[in-house]
Amino acid sequence: MKHTRNTLSYLRRTAVLLLIITSLTACASGRPLTAADNTAIDTVTVNVPGISGEYSLLFLTDMHIVIPDETADSQLRDYASERLSHFTGESGHVSSELFASWVDYANQTEPDVLLLGGDLIDSPAPSNMEYLGQCLRKLEVPYLYAVGNHDWTYPWEYMTETGAENYLPLLAPYMDSNTAIHSLELDDFILVAVDNSNNQIHPDALEEYRRILSRNKPVILLLHVPFYTEDLLAEASAVWPNSVVLGGGVHGGIYPNDVSAQFMSLTTAADSPVAAVLAGHVHFSNVSDLAGEKTIPQIVGDAGYKGKATLIRITAK
């Protein structure tokens with residue numbers, strides 16, 4: 001029996017590898033996938049009083065794209081094989097195929113902005129980076145990308161200085177040359193992407209965030225790791241063995257350092273212009289309010305590798 005299970009597992013991994021190598025060497029779809037099906041889209045409305053128009057934001061997070069590369073060293077090949085199997089099956093399509101379809105969907109439906117919540121790629125392997133770049137260059141709508149922990153780490157180089165020095169800068173071209181914080185201003189509000197991929201707010205983001213908030217223009221904040229809410233932590237604790245939310249340390253969440261604590265206080269201050277926080281990381285959807293002087297909705301998107309996305313409607317009503 002053991003031999004049979006191992007054989008079946010090997011055959012399945014081989015079939016998946018052959019499929020992706022032959023069909024996904026470039027960012028292209030052309031096949032109808034679940035990504036283009038509106039049943040794969042959760043819709044959330046955010047009210048921002050005082051704005052003059054209505055906006056649609058398409059939010060994708062946690063695609064975990066894996067592109068096998070037979071020319072890579074054995075460590076990378078083995079890791080890609082293992083992870084490709086992990087992120088294939090639930091939606092019926094490999095995640096890279098889904099992402100290509102979402103790019104086409106965005107180009108066809110023309111949301112005001114495509115928001116990317118991190119972990120688009122499952123590791124910074126050259127083949128993954130190349131595929132990501134090909135897809136983003138195909139986009140015909142503006143996008144904003146908040147870095148996720150998998151975008152720049154390997155298990156053998158996880159959250160290390162070497163990883164930050166060698167791999168994080170590879171994402172800078174897609175983040176306005178600043179992976180710590182960058183923004184996109186629309187007529188009625190500002191979208192701000194901040195790096196908290198190592199479970200704390202990047203220290204280089206704090207002062208720029210203060211400057212943006214001081215303008216008193218509505219802000220929508222994009223992160224990878226969500227902030228603590230009681231409802232979110234309860235749901236996450238049933239899925240993940242370790243805490244995956246920033247804040248609420250006494251309740252089981254991650255204790256914020258000084259920079260993160262200041263950042264979170266600014267976000268939920270009584271005079272804060274922040275209208276909503278968007279995040280991913282936990283691989284399920286959740287909408288709940290942040291606690292603070294001001295109540296702010298946090299919208300956590302479901303995982304893209306499942307074929308899921310979130311459409312966020314911004315309205316003054």
J.: Do you reckon Leu114 sits in the same ILVMFWY cluster as Leu186, going by side-chain contacts under 4.5 Å, direct or chained?
T.: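 No, it is not one cluster - the side chains of Leu114 and Leu186 are not joined through contacts under 4.5 Å.
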J.: Over all heavy atoms of both residues, which pair between Ser243 and Leu233 is shortest? Give the atoms and the distance, please.
T.: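 Heavy atoms of Ser243 and Leu233 come nearest at OG-CD1, 4.4 Å.
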J.: With no hydrogens and no angle check, is any side-chain donor or acceptor of Thr61 less than 3.5 Å from a backbone partner on Gly117?
T.: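 Pair found, side chain donor or acceptor close to backbone of Gly117.
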J.: Evaluate the side-chain proximity of Met175 to Asp195: yes if any heavy-atom separation is below 4.5 Å, no if none is.
T.: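 In short, these two side chains do not touch, never coming nearer than 4.5 Å.
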J.: Run the side chain to side chain contact (heavy atoms under 4.5 Å, CB included) check on Arg210 and Gln262 step by step: do they pass?
T.: CA-CA 10 Å; Arg210 287 185 194 274; Gln262 290 184 60; 2.6 Å; yes
J.: Could you state whether Val44 and Leu311 fall into the same hydrophobic cluster, counting links through intermediate Ile, Leu, Val, Met, Phe, Trp or Tyr residues with side-chain heavy atoms under 4.5 angstrom apart?
T.: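 Result: no, two separate clusters.
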J.: Looking at every non-hydrogen atom in both residues, tell me the closest pair between Phe284 and Asp302 and how far apart they are.
T.: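 It is CA-OD1, 3.3 Å.
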J.: Would Trp102 and Ile67 show up in the same hydrophobic cluster when neighbours are defined by side-chain heavy atoms closer than 4.5 Å?
T.: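 Yes, because Trp102 and Ile67 connect within a single hydrophobic cluster, where side-chain heavy atoms sit under 4.5 Å apart.
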J.: Evaluate side chain to side chain contact (heavy atoms under 4.5 Å, CB included) for Met63 paired with Ile121, printing each intermediate quantity in order.
T.: CA-CA 6 Å; Met63 294 301 308; Ile121 53 178; over 6 Å; no
J.: Flag the pair His283 / Trp240 as yes when at least one side-chain heavy-atom distance between them is below 4.5 Å, and no otherwise.
T.: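 In short, these two side chains touch, coming nearer than 4.5 Å.
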J.: Hey, mind stepping through Thr229 and Asp231 against side chain to side chain donor-acceptor pair (under 3.5 Å) and telling me if it holds?
T.: CA-CA 5 Å; Thr229 74; Asp231 179 71; 5.2 Å; no
J.: Could you tell me whether the side chain of Leu60 reaches within less than 4.5 Å of the side chain of Phe99, counting heavy atoms only?
T.: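 SC-SC contact between Phe99 and Leu60 confirmed.
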J.: Do Tyr174 and His182 pass the side chain to side chain contact (heavy atoms under 4.5 Å, CB included) test, and can you show the C-alpha distance, the side-chain angles, and the key distance before you say yes or no?
T.: CA-CA 10 Å; Tyr174 315 121; His182 54 289; over 6 Å; no
J.: Would you say Leu191 and Leu136 are hydrophobically clustered, going by side-chain heavy atoms of ILVMFWY under 4.5 Å?
T.: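 Leu191 and Leu136: separate clusters.
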J.: Is there a side-chain contact between Leu116 and Tyr143 (heavy atoms, below 4.5 Å)?
T.: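 Yes, side chains in contact.
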J.: Identify the residue among Val300, Ile296, Asp289 that makes a side-chain contact (heavy atoms from CB on, under 4.5 Å) with Val277.
T.: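 It is Ile296; the other options fail the test.
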J.: Carefully, step by step, assess Asn286 and Glu235 under the rule side chain to side chain donor-acceptor pair (under 3.5 Å).
T.: CA-CA 9 Å; Asn286 179 279; Glu235 191 170 356; 3.2 Å; yes
J.: Can a donor-acceptor pair be found between the side chains of Tyr305 and Asp122 at a distance below 3.5 Å?
T.: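 Tyr305 vs Asp122: no donor-acceptor pair found between side chains.
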J.: Drop me the distance from Leu120's CG to Met129's CE, to the nearest 0.5 angstrom.
T.: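 The distance works out to 10.5 Å.
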J.: Identify which one of Asp112, Asp188, Thr315 satisfies the side-chain hydrogen bond (donor to acceptor under 3.5 Å, both in side chains) criterion when paired with Tyr55.
T.: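 Single pass found, and it is Asp188.
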J.: Salt bridge or not between Arg215 and Glu185? Use side-chain N to carboxylate O under 4.0 Å.
T.: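 Counted as a salt bridge, because a side-chain N and a carboxylate O are separated by less than 4.0 Å.
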J.: Can you list the steps and then say if Glu157 with Thr160 is a side chain to side chain donor-acceptor pair (under 3.5 Å)?
T.: CA-CA 6 Å; Glu157 201 68 75; Thr160 64; 2.6 Å; yes
J.: Check whether any side-chain N or O of Thr268 sits under 3.5 Å from a backbone N or O of Met264 as a donor-acceptor pair, and report yes or no.
T.: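 Yes, Thr268 side chain to Met264 backbone: donor-acceptor pair under 3.5 Å.
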J.: Using only heavy-atom distances, determine whether the side chains of Asn196 and Gln200 contain a donor-acceptor pair under 3.5 Å.
T.: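 Distance-only check fails for Asn196 and Gln200.
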J.: With a 4.5 Å heavy-atom cut-off, do Tyr209 and Ile181 have their side chains touching?
T.: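 The answer is yes, as the side chains (C-beta and beyond) meet within the 4.5 Å cut-off.
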J.: As a quick check of understanding, evaluate side chain to side chain donor-acceptor pair (under 3.5 Å) for Asp151 and Tyr145, giving each step before the final call.
T.: CA-CA 11 Å; Asp151 290 320; Tyr145 184 173; 3.1 Å; yes
J.: Any donor and acceptor pair, going by atom type alone, linking the side chain of Gln298 with main-chain N or O of Ala279 inside 3.5 Å?
T.: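 No, because the side chain of Gln298 does not come within donor-acceptor range (under 3.5 Å) of the backbone of Ala279.
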J.: Answer yes if the side chains of Asp78 and Ser81 hold a donor-acceptor pair under 3.5 Å, and no otherwise.
T.: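 Short answer, no.
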J.: If I take atom CG from residue Leu266 and atom CG from residue Leu213, how far apart are they, to the nearest 0.5 angstrom?
T.: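 One gets 6.0 Å once the value is rounded to the nearest 0.5 Å.
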J.: Evaluate the side chain to side chain contact (heavy atoms under 4.5 Å, CB included) criterion for residues Ile254 and Val245: first the C-alpha distance (whole Å), next the side-chain angles of each, then the deciding distance (0.1 Å), finally the verdict.
T.: CA-CA 6 Å; Ile254 300 164; Val245 301; 6.0 Å; no
J.: When clusters are formed by joining ILVMFWY residues with side-chain heavy atoms under 4.5 Å apart, either directly or through shared neighbours, do Leu132 and Tyr167 land in the same one?
T.: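 Yes, it is one cluster - the side chains of Leu132 and Tyr167 are joined through contacts under 4.5 Å.
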J.: What's the spacing between Thr310 OG1 and Ile41 CD1 if we round to 0.5 Å?
T.: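 Between Thr310 OG1 and Ile41 CD1, I get 9.0 Å after rounding to 0.5 Å.
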J.: Quick check against the 3.5 Å criterion: does Asp119 have a side-chain atom that pairs as donor or acceptor with the backbone of His150?
T.: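 Confirmed, Asp119 side chain pairs with His150 backbone.
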J.: When you compare the side chain of Thr179 with that of Asp204, does any pair of heavy atoms fall below 4.5 Å?
T.: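 No; the side chains remain at least 4.5 Å from each other.
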J.: Using side-chain heavy atoms (C-beta onward) and a distance below 4.5 Å, is Leu223 in contact with Leu278?
T.: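 No, too far: nothing below the 4.5 Å cut-off.
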J.: State the CG-NE2 distance between Leu232 and His281, to the nearest 0.5 angstrom.
T.: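 Going from CG on Leu232 over to NE2 on His281, the span is 10.0 Å.
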J.: Is the shortest side-chain heavy-atom distance between Tyr131 and Ser127 below 4.5 Å?
T.: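 No, too far: nothing below the 4.5 Å cut-off.
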J.: Looking at CG of Asn107 and CG of Leu139, how far apart are the two atoms once the value is rounded to the nearest 0.5 Å?
T.: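 One finds 5.5 Å between CG of Asn107 and CG of Leu139.
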J.: Can you name the closest pair of heavy atoms from Leu144 and Leu222 and give their distance?
T.: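 That would be O-CD2, 3.6 Å.
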J.: Would you find a donor on one side and an acceptor on the other, under 3.5 Å apart, between the side chain of Glu293 and the backbone of Ala270?
T.: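 Yes; judged by distance alone, with no hydrogens or angles, the pair exists.
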J.: Determine the interplanar angle of the Trp156 and Tyr154 rings, folded into 0 to 90°, and report it as parallel if under 30°, tilted if 30 to 60°, perpendicular if over 60°.
T.: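 Plane angle under 30°, so parallel.
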J.: Against Ser183, only a single residue in Ile212, Ile220, Leu221 fulfils side-chain contact (heavy atoms from CB on, under 4.5 Å); can you say which?
T.: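 Output: one option passes, namely Ile212.
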J.: Looking at every heavy atom in both Ala164 and Leu168, which two are closest together, and how far apart are they?
T.: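 Distance-wise, the nearest heavy atoms are O-CB, 3.3 Å.
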J.: Where do Pro256 and Ser260 come nearest, in terms of heavy atoms and distance?
T.: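 That closest heavy-atom pairing would be CB-CB, 3.7 Å.
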J.: Does Asp73 form a salt bridge (Lys or Arg N to Asp or Glu O under 4.0 Å) with Arg77? I'd like the steps, not just the answer.
T.: CA-CA 6 Å; Asp73 62 38; Arg77 291 199 310 270; over 6 Å; no
J.: I'd like to know whether CD of Glu54 has more than 12 heavy-atom contacts from other residues, nucleotides or ligands below 6.0 angstrom.
T.: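 Counting other residues, nucleotides and ligands, CD of Glu54 exceeds 12 neighbours.
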J.: My understanding is that only one of Lys306, Arg313, Lys308 makes a salt bridge (Lys or Arg N to Asp or Glu O under 4.0 Å) with Asp42; could you say which?
T.: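 When Lys306, Arg313, Lys308 are each tested with Asp42, the salt bridge (Lys or Arg N to Asp or Glu O under 4.0 Å) holds only for Lys308.
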J.: Determine the minimum heavy-atom distance between Pro226 and Val282, stating which atoms define it.
T.: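 Heavy atoms of Pro226 and Val282 come nearest at CG-CG1, 4.1 Å.
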J.: Measuring from Leu290:CG to Thr267:OG1, what's the distance to the nearest 0.5 Å?
T.: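 It is 8.0 Å, given to the nearest 0.5 Å.
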